[in-house]
Amino acid sequence: MKNANVTHKITQGMYVLTAGNGGCVVDAVAQVSGGDNPLVSVAVMKKNLTNELVKKNGKFALSVLGMNVDPQIIKDFGFRSGRDADKYAGADLGEAAGVKYINGAIAYMVCEVVDTVENDTHTLFIGRTIEGDILKDESPMSYGYYQEHKNDLMQVKTEMGKTAWVCTICGYVYYGETLPDNYVCPICGVGPELFEIQK
């Protein structure tokens, strides 16, 4: 492929998918039918805990992220594993039809799973919308905008006078003059090669 970033040009939004007691950031969402209870599809990585939670609960919510979303929402739901952290701790959540959603979103929809399609890396969940509302009159964040402004959105503030090593994937900060060669980010699991020094 000449440029793997070509998918950044696909028009799609940014969402937090929640089910049970967890969730994750997703972008592969599409409306696949109309009517009073339209069908919506979302692809979720098989290795994500959220995949298991959707299968177990049979329902999920999609919270639509806006252009002015609090970056902490993306950090909490996009760069931490629910196997290691309680993503709901400290989050501002609402609930509809028995499923949590993000109050800081511009809209939400709750869906009941009606079908699934498995491939090698993802499960495509198809859900019938049973509840939803618009929370704010703002423009949704596109996947392309997120990719272009990711560094600004995830900007990390460090303590003055301390040498900080910042994970370029999730923003975790390690303080110390040197970063151990075998260091692993406790949030997203990457190695020291993906940390940048800030003084």
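A pairwise comparison of heavy atoms in Glu131 and Ala96 identifies CG-CB, 3.8 Å as the closest pair. The heavy-atom pair separating Lys46 from Thr123 by the smallest distance is CG-OG1, 3.9 Å. Between Thr129 and Cys111, the shortest heavy-atom contact is OG1-SG, 3.7 Å. Residues Gly104 and Lys136 approach most closely at O-NZ, 3.4 Å, considering heavy atoms. The minimum heavy-atom distance linking Ala107 with Ile134 is given by the pair CB-CA, 4.0 Å. Val32 and Ser41 make their closest contact through CG1-OG, 3.9 Å (heavy atoms, listed as atom of the first residue, atom of the second, distance).
Atom CD of Glu196 has 12 or fewer neighbouring heavy atoms from other residues, nucleotides or ligands inside a 6.0 Å radius.
Residues Glu138 and Asn68 form a side-chain contact, since some pair of their non-hydrogen atoms from C-beta on lies under 4.5 Å apart. Taking the side chain as every heavy atom from C-beta outward, Leu17 and Val42 approach each other to under 4.5 Å. Residues Val16 and Cys24 fail the side-chain proximity criterion, which asks for heavy atoms closer than 4.5 Å.
Not a single donor-acceptor pair under 3.5 Å links the side chain of Asp115 to the backbone N or O of Ile126. Although no hydrogens or angles enter the test, the distance criterion places no donor-acceptor pair under 3.5 Å between the side chain of Tyr174 and the main chain of Val166. Checked by atom type and distance alone, the side chain of Asn57 never pairs as donor or acceptor with a backbone atom of Ala19 at under 3.5 Å. Between the side chain of Trp165 and the main chain of Val173, no donor-acceptor pair closer than 3.5 Å is present. For Asp86 (side chain) and Tyr88 (main-chain N/O), a donor-acceptor pair under 3.5 Å exists by modelled atom type. The backbone N or O of His122 sits less than 3.5 Å from a side-chain atom of Asn119, completing a donor-acceptor pair. Looking at Thr116, its side chain never comes within 3.5 Å of a backbone N or O of Leu124 through a donor-acceptor pair. Between the Lys87 side chain and the Gly23 main chain, a donor and an acceptor come within less than 3.5 Å of each other. Judged purely by atom type and a 3.5 angstrom limit, Asn37 has no side-chain atom pairing as donor or acceptor with the backbone of Arg128. With Ser33 contributing its side chain and Leu39 its backbone, the two residues share a donor-acceptor pair below 3.5 Å.
Under a hydrophobic clustering in which Ile, Leu, Val, Met, Phe, Trp and Tyr are joined whenever their side-chain heavy atoms come within less than 4.5 Å, directly or via other members, Ile74 and Phe77 fall into the same cluster. Residues Ile197 and Tyr183 share a single hydrophobic cluster, defined by chaining ILVMFWY side chains whose heavy atoms lie under 4.5 Å apart. Hydrophobic cluster membership differs between Leu135 and Met109, with clusters built from Ile, Leu, Val, Met, Phe, Trp and Tyr side chains linked at under 4.5 angstrom.
Relative orientation of the Phe125 and Phe60 rings is tilted, given thresholds of 30° and 60° on the angle between their planes.
A salt bridge is defined here as a Lys NZ or Arg NE, NH1 or NH2 lying under 4.0 Å from an Asp or Glu carboxylate O, and Glu52 with Lys47 fails to meet this definition. A salt bridge between Glu112 and Lys59 is absent, with no side-chain N of the basic residue lying under 4.0 Å from a carboxylate O of the acidic one.
Of the residues listed (Ile102, Val40, Val110), the one engaging Leu62 in a side-chain contact (heavy atoms from CB on, under 4.5 Å) is Val40, and it is the only one.
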